[in-house]
There are 2 protein chains.
Amino acid sequence: MTAMTFTIGEMCAEFGVTPRTLRFYEYKELLAPIREGQKRLFTQRDCARLKLILRGKRFGFTLDEIKDLLDLYEVDPTMLTQIAATMEVARRHHAEMISRRDELNAAIADLEGYMAEGKRILAARPKTEAAA
Amino acid sequence: MTAMTFTIGEMCAEFGVTPRTLRFYEYKELLAPIREGQKRLFTQRDCARLKLILRGKRFGFTLDEIKDLLDLYEVDPTMLTQIAATMEVARRHHAEMISRRDELNAAIADLEGYMAEGKRILAARPKTEAAA
DNA sequence: AAGCTACCTTACGTTTACGTCAATCAAAAA
DNA sequence: TTTTTGATTGACGTAAACGTAAGGTAGCTT
């Protein structure tokens, strides 16, 4: 087994983040690269976690919340009470995401309404040439 | 016409925000309450805008972005080139919202998968009593 | 040995969106 | 009239998520 690890530079290139970001995530205990002397070696596990981190960020979860989710995603299958607890966290996040999506859908519909209105106005009076 | 205006306190109670927030929004030119002497009087228009502001915030738009949107929602129907320009902004926001929603949907599906897994585990080994 | 490259730590800077005093003022209540 | 209530304007503080020097090290290559 080559164990397949990545340097910080490789990780940055792969995921489009800066070294600073990865060190920050380590400091925040979202990642836990192993050390070879001073240098960090990022494992497959770190890669998987980073993917989740970046995705989580895209819909507005804080890093702390993401940490909770990551912990959830790595439940030790024997610790049932742990699972039950993390399921609670999951439910909250799930509910929040659902309601966010619903609001987002409403807002999208809203915006589409306004855009339709705008189009109508522009179509009605094609005074100036407007390139698409 | 009573003109129906609200004091800052009434607004806060109504929308669950602090005075500081409303003053900040005014400073940022998101709201424009009229002044009676020193005091701010918030109009229906301010209420409508505040609703949009709060909604915008919930899905991660910055106040600056929200300002753009608010401006869009108040297009002067005679300025056609203005409309065309704001339509551009609208399209960008629309696209962003769509992609956000799609990602959110994916994440929701993901999380539901993990939750189902958790449930399965808990169901398989009902060792400890877990109150819902 | 010199230089380059990629990495490291420490630590202060930055932006967003307000929170939190502090001092002041005016109208309403006691 | 004094007190309370609610408002005002500064102005500094804060948390999140990094950015950005500044200076140090370790390993190659020439």
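A, B, ... follow the sequence lines: proteins, then strands. Residue 1 opens every chain.
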Review point. Of all heavy-atom pairs between B:R49 and B:E29, which one has the smallest distance, and what is that distance?
Key: NH2-O, 4.1 Å
Point to revise | Salt bridge A:D110-B:R55, side-chain N to carboxylate O under 4.0 Å | key: yes
Check your understanding: Among the nucleotides C:dA17, C:dT9, C:dC7, which one has an atom lying closest to any side-chain atom of A:K39?
Key -> C:dC7
Exercise for review: Please report, rounded to the nearest Å, how far the C1' atom of C:dC7 is from the CZ atom of A:F42.
Suggested key: 11 Å
Revision key, fill the gap. Out of C:dT9, C:dC18, D:dC18, minimum distance to the side chain of B:F24 belongs to C:dC18
**Study point:** C:dA17 phosphate, OP1 or OP2, under 4.0 Å from B:T21 side-chain N/O
**Key:** no
**Study point:** Salt bridge present between A:R91 and A:E88 (N-O < 4.0 angstrom)
**Key:** yes
Practice item. Would you indicate, yes or no, if D:dG10 has its OP1 or OP2 atom less than 4.0 angstrom from a side-chain nitrogen or oxygen of B:R20? Key: no
Practice item. Scan B:R23 against the nucleic acid and name what it touches under 4.0 Å (heavy atoms): base, sugar-phosphate only, or nothing. Key: base
**Study point:** Residue pair B:I66 / B:L30: nearest heavy atoms and the distance that separates them
**Key:** C-CD2, 4.5 Å
**Study point:** Under-4.0 Å salt bridge between A:R100 and A:E103
**Key:** no
Exercise for review: Could you give me the CA-CA distance, side-chain angles and deciding distance for B:S99 and B:D102, then say whether side-chain hydrogen bond (donor to acceptor under 3.5 Å, both in side chains) is met?
Suggested key: CA-CA 5 Å; B:S99 94; B:D102 290 351; over 6 Å; no
**Study point:** Candidates D:dT8, D:dA17, C:dT9 - which lies nearest the side chain of B:R40
**Key:** D:dT8
Check your understanding: How would you label the contact of A:Y27 with the nucleic acid (heavy atoms, under 4.0 Å): base, sugar-phosphate, or nothing?
Key -> nothing
**Study point:** Between C1' of D:dA17 and CZ of A:F61, the distance in whole Å
**Key:** 17 Å
Point to revise | salt_bridge(B:E26, B:R23) N-O dist < 4.0 Å | key: no
Practice item. For DNA chain C, determine which residues of residues 6-19 of chain A have any heavy atom closer than 4.0 angstrom to one of its atoms, and list them numerically. Key: A:T7, A:I8, A:G9
Point to revise | N or O in side chain of B:K28 less than 4.0 angstrom from C:dT16 OP1/OP2 | key: no
Check your understanding: Within the pair B:Y25 and C:dA17, is there a side-chain N or O less than 4.0 Å away from OP1 or OP2?
Key -> no
**Study point:** Whole-Å gap separating C1' (D:dA16) and NZ (A:K67)
**Key:** 16 Å
